[in-house]
Amino acid sequence: SLTYAESSAFYECNNLENVYYKGTIIDWLNIEFESNSANPMTYASHFYVLDENNEWTELTKVEFDKNLTTIKNLALKNISSLKEVVIPKSVTSIGQSAFEGCISLESVYFEGTIEDWLNIEISIYGTSNPMIYAKHFYLLDENNNWYEPTEIVVPEGFTTIKQNIF
């Protein structure tokens, strides 16, 4: 399966409207895009994957692999139908423009703690933080139930809250 797209692979494909990807979303997330013009979603408006019934459907939710440590540059760029992402505690960095153009993103579910979230290295280039678009941020409580924090206590020992973290 595809693992790398060189710079300008889709350069000036301005009429591109739809991308149909036959692999899994996990496969897509493993592609390394060398530049904006290497990712067809720089130009397209709609991203489709095959559902469990082998039907094309627009992507609305992404659950990242539980062992993922890095959300790559341009990973979900311009997937405007995306409404929810579930990010595992294992994620330690989010690459450049990873969530750029995800204008329908409503909810981010993070499987770690506030301290884990504060420790994620989020690129300051492009729209890397999903919280730029999302209206809701959820964490897991001690019983593994999702809740939306109404207050945030910065853990002891933190001296800086990084740019673009919330």
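Computation of the quantities below employed the complete heavy-atom set of this structure, encompassing side-chain atoms and omitting hydrogens, waters and symmetry-equivalent molecules. Keep in mind the model is a prediction, meaning the values are calculated, not measured.
No side-chain donor from either of T92 and T69 sits under 3.5 Å from a side-chain acceptor of the other.
Under a 3.5 Å cut-off, the side chain of S104 and the backbone N or O of S80 do form a donor-acceptor pair. Put simply, the side chain of E34 gets close to the backbone of S7: a donor and an acceptor are under 3.5 Å apart. Side-chain atoms of K72 come within 3.5 Å of backbone N or O of N30 as a donor-acceptor pair.
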Checklist entry - Does the side-chain contact (heavy atoms from CB on, under 4.5 Å) test come out yes or no for S8 and S37, once each step is laid out? => result CA-CA 5 Å; S8 302; S37 59; 3.5 Å; yes
Item to check | side-chain contact (heavy atoms from CB on, under 4.5 Å) assessment of L76 paired with L29 | outcome: CA-CA 8 Å; L76 296 167; L29 294 170; 3.7 Å; yes
Next on the checklist: As a quick check of understanding, evaluate side-chain contact (heavy atoms from CB on, under 4.5 Å) for K61 and V86, giving each step before the final call.
Outcome noted: CA-CA 8 Å; K61 182 177 181 178; V86 180; 4.0 Å; yes
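A chain of hydrophobic side-chain contacts below 4.5 Å, direct or via other Ile, Leu, Val, Met, Phe, Trp or Tyr residues, connects V62 to M131. I71 is connected to V85 through a chain of hydrophobic side-chain contacts under 4.5 Å among Ile, Leu, Val, Met, Phe, Trp and Tyr, so both are in one cluster. Under a hydrophobic-cluster definition in which Ile, Leu, Val, Met, Phe, Trp and Tyr are linked whenever side-chain heavy atoms come within less than 4.5 Å, directly or via other members, L16 and Y20 are assigned to different clusters. Cluster annotation: F10 is not connected to Y4 through the hydrophobic network of ILVMFWY side chains, with a link wherever side-chain heavy atoms come within less than 4.5 Å. Hydrophobic clustering (ILVMFWY, side-chain heavy atoms < 4.5 Å, transitive): V108 and L140 are in distinct clusters.
Atoms CG and CD1, from L118 and I152 in turn, are 7.5 Å apart once rounded to the nearest 0.5 Å. In this structure, NE2 in H136 is found 12.0 Å from NZ in K83, a value given to the nearest 0.5 Å. We find the CD-CG distance between E32 and L2 to be 11.0 Å, quoted to the nearest 0.5 Å. One distance of note links OG of S97 with CG of N73; it measures 7.5 Å at 0.5 Å rounding. Interatomic distance, CD1 of I87 versus CG of L68, reported as 9.5 Å (0.5 Å rounding). Interatomic distance, CD of E115 versus CD1 of I120, reported as 12.0 Å (0.5 Å rounding).
Residues T127 and C102 form no side-chain contact, since every pair of their non-hydrogen atoms from C-beta on lies 4.5 Å or further apart.
Minimum heavy-atom separation, S107 to A134: N-CB, 4.2 Å. For L139 against P149, the heavy-atom pair with the smallest separation is CD1-CG, 3.7 Å. Between I114 and V153, the shortest heavy-atom distance links the atoms CG2-O, 4.2 Å. Here the closest heavy-atom approach between residue F110 and residue W117 is recorded as CE2-N, 3.5 Å. Taking every heavy atom of both residues into account, S128 and F99 meet most closely at O-CD1, 3.1 Å. Nearest heavy atoms, D65 versus I26: N-CD1, 3.8 Å.
A salt bridge is absent between K89 and E111; no separation between the charged side-chain nitrogens and carboxylate oxygens falls under 4.0 Å.
The environment of F158 atom CZ is dense: over 12 non-hydrogen atoms of other residues, nucleotides or ligands sit within 6.0 angstrom. Counting non-hydrogen atoms of neighbouring residues, nucleotides and ligands closer than 6.0 angstrom, the CD atom of E148 exceeds 12 such neighbours. Within a 6.0 Å radius of CG in N15, other residues, nucleotides and ligands contribute 12 heavy atoms or fewer.
Note on ring orientation: taking the six-membered ring where Trp is involved, the planes of Y109 and W146 are perpendicular (angle over 60°, cut-offs 30° and 60°).
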Listed pairs under 3.5 Å, donor-acceptor, residues 38-58 side chains, sequence neighbours left out:
from	atom 1	to	atom 2	distance (Å)
N39	OD1	M41	N	2.8
N39	ND2	L74	O	2.9
T42	OG1	N36	O	2.5
T42	OG1	N39	O	3.2
Y43	OH	E12	N	3.2
H46	ND1	E58	OE2	2.9
D51	OD1	N53	N	2.8
D51	OD1	N54	N	3.2
D51	OD1	E55	N	2.9

